[in-house]
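Down below is the structure, laid out as structure tokens.
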Protein chains: 2
Amino acid sequence: MATIDDVAKLAGVSKGTVSSVFSKKRPISQPVTDRVLSVAKELGYFPNHIARSLAIKKTMIVGLKMPISKEGSTTQFEIQMLNGVIKECTKHGYRILLDTLPEHEDLTQFSSDPVDGVIMLNPRKHDQRIERFEQMRIPIVLVGRPDPLDSSISYVDNDNEKLAYEVGRYLLTQGHRSMLFLNSSANMTVSDDRLSGMKKAYEEQGVPFDNVQVMNFVRKLHATPMDYGYMSMMEMHQKVPFTAVVSDTDRVALGILRATRELGVDVPKDLSIVALSNNVRLAEEMTPKLTSVELSAETLGAEAGRILIQKMKDPSTVEQLIIDAQLIVRESTRSL
Amino acid sequence: MATIDDVAKLAGVSKGTVSSVFSKKRPISQPVTDRVLSVAKELGYFPNHIARSLAIKKTMIVGLKMPISKEGSTTQFEIQMLNGVIKECTKHGYRILLDTLPEHEDLTQFSSDPVDGVIMLNPRKHDQRIERFEQMRIPIVLVGRPDPLDSSISYVDNDNEKLAYEVGRYLLTQGHRSMLFLNSSANMTVSDDRLSGMKKAYEEQGVPFDNVQVMNFVRKLHATPMDYGYMSMMEMHQKVPFTAVVSDTDRVALGILRATRELGVDVPKDLSIVALSNNVRLAEEMTPKLTSVELSAETLGAEAGRILIQKMKDPSTVEQLIIDAQLIVRESTRSL
DNA sequence: TGCAATCATTAAAGCGGTTTAATTAAACCG
DNA sequence: CGGTTTAATTAAACCGCTTTAATGATTGCA
């Protein structure tokens, strides 16, 4: 690759001049500009992004730390998130450095990334990395709340408790009292949050919570989310009475629907179904169309991007944003 | 941020020594190593990735050029592709620089990216960028074939013609003669390829091709892929006779299924359905489970990654890889 | 015509690392 | 013990660009 020196030499100017021709930060006379550009073209010269970054201490790149499970297909949630981040960052001229590498134990191996800021997904409890970025003065925004909470850290998150509460209240006010609750895995904070939200709704309406049959996704038992829905429905159908089922995701709901077809249960006449998240974004396309909560992962990502960009301009920026989830009533629920 | 100089000074050694402690490219005595590391820790020093990249001319980053439509949700195909690229590259210690920025008209603005190689999606006809990367000596691999074909350019691609041919042959040998073919948009090469593959199957089996009613996706007419399937099915059901429908994607098939339910058409008893691509990866989870072609976008991505990594080691590498698509027969088809 | 102001250009000093060639110190050996 | 290896360290050059301060060349104005 030709360098700026080659161009400067051949065009008979200094490299400072060539630099200015390309960066346009200083006026260069027309004849000189023309000569430089033509020489550059002839040599196939393009400014070296790395060298430039080193000099100006800016890369126009945003890092996205995204853990990826080993077996790991990226979840739909992550994808939509990513989409939001991309759109927002691209709009402001930033590119995304996807970082799904597992972290090196060896601190010696750790190097500061070629990024101007970082968005981090699903931070862990007492996440070491957060301090490290702060130490390096690299602006950071989390998607998901920091644990422990820290008012100096910017993040965006859903309010899962509120979301489950809304769903619970909706079903209760529609006359449903007993339901099957297909929550996600037992060990996740989101499950706890949802559970307490649901309890709150029952409490508020004065209905005893033992009307709710709670289940959890278990990887070993359920091969796919759909299996989880299908098997739970088949298993619980006769065992306990319920007029509604609250499902982890739309994929799980797909399994429930399959079971209802086999069982001859009509949705929504005999059974109402609500999905707590719209992963595959298929609610609109299912039969019947699925009442579900719109988690707006994309908004989450976009907002994270927005805040980060702001923070890269003004490092003192701190913003903590809870994105409201929307319950969208479609055809899979009815009031009793 | 502390620099290598700060560390060197405080530890009372030269920067070359500090460099070696971190890069481990040269043995440094234990006492010195310890001293340097402790000083580094104290100062919160981490090697600067950009400076290092400039010096060693290597970034361990792979660029992914991925056009993103303006309205644009990323398609499932792209996502699975991306997933494949990520997995393969991560495995070898590379990170991904996502580049969805529209290209600058102004060549002046174009700078060589901080990447060691590039994967490019959906290259355009006579794509300027390809030459540019070659000029810059940056290894590149395409996903999708270059147009015009060029035996010096590495790429991976599906064989859409063969794929449609297989589907056509499968249906014909199962006794289906007339079908509804919901192809993708008319102006895409993939549509042409599929059409000619399908024709070939008919020719081979000696069945006149006018038994096939071909439709195309039209953005203005069909709000969603599902609408495309639903509307086409509703419209054509009485107009022309057919015992099978070949659908663009699984989303489209979802619309077809909805229509059959409303029309009281049983799948697969009265109608067989095959999807030409498994975008939402929901074939398994639909009712009935959908017979579909597994495009293996993820494999495409992973293979592109593999070839690129190879090419970064040995720039003379050229590989052109056609990934076979698999027709997976599930429950939505039957032989007559 | 002389002096200040303006404009275009350049030389050189960074940016923060790596690496080569030279130097010093320690170890080995007959 | 002198001479040769070997190992550890360093000084300085370099990677390719930006930017500051200095230098000339022009222009404006009285």
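Order of the sequence lines fixes the chain letters, A, B, ..., with proteins taken first and strands second; residue numbering starts at 1 for each chain. Note that the coordinates shown come from a computational prediction; the quantities given were computed from them, not determined experimentally.
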Would you say the side chain of [Y] lies within less than 4.5 Å of the side chain of [X], judging by non-hydrogen atoms?
X	Y	value
R129(A)	V118(A)	no
I323(B)	S296(B)	yes
I56(B)	S23(B)	no

Approximate separation, where rounding is to 0.5 Å, of [X] [atom1] and [Y] [atom2]:
X	Y	atom1	atom2	value
M1(A)	K57(B)	CE	NZ	9.5 Å
K9(A)	T3(A)	NZ	OG1	7.5 Å
I28(B)	D34(B)	CD1	CG	12.0 Å

Name of the residue among L121(A), L308(A), L97(A) meeting side-chain contact (heavy atoms from CB on, under 4.5 Å) with L64(A) =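 The side-chain contact (heavy atoms from CB on, under 4.5 Å) with L64(A) is passed solely by L121(A) among L121(A), L308(A), L97(A).
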If we fit an axis to the first five pairs and another to the last five of the helix from dT1(C)-dA30(D) to dG30(C)-dC1(D), what angle do they make, to the nearest 10°?
->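 The end axes of the helix from dT1(C)-dA30(D) to dG30(C)-dC1(D) are about 40° apart, to the nearest 10°.
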Expected rows: protein N/O vs nucleotides 9-18 of chain D N/O, under 3.5 Å:
from: dT9(D); atom 1: OP1; to: S29(B); atom 2: OG; distance (Å): 2.8
from: dT9(D); atom 1: OP2; to: S29(B); atom 2: N; distance (Å): 3.0
from: dT10(D); atom 1: OP2; to: S14(B); atom 2: N; distance (Å): 3.0
from: dT10(D); atom 1: OP2; to: S14(B); atom 2: OG; distance (Å): 3.4
from: dT10(D); atom 1: OP2; to: T17(B); atom 2: OG1; distance (Å): 2.4
from: dC15(D); atom 1: O3'; to: K57(B); atom 2: NZ; distance (Å): 3.3
from: dG16(D); atom 1: OP1; to: K57(B); atom 2: NZ; distance (Å): 2.8
from: dG16(D); atom 1: N2; to: A51(A); atom 2: O; distance (Å): 3.4
from: dC17(D); atom 1: OP1; to: Y45(A); atom 2: OH; distance (Å): 3.1
from: dC17(D); atom 1: OP1; to: N48(A); atom 2: N; distance (Å): 2.9
from: dC17(D); atom 1: OP2; to: I4(A); atom 2: N; distance (Å): 2.4
from: dC17(D); atom 1: N4; to: K15(A); atom 2: NZ; distance (Å): 2.6
from: dT18(D); atom 1: OP1; to: R52(A); atom 2: NE; distance (Å): 2.9
from: dT18(D); atom 1: OP1; to: R52(A); atom 2: NH2; distance (Å): 3.3
from: dT18(D); atom 1: OP2; to: S19(A); atom 2: OG; distance (Å): 2.3

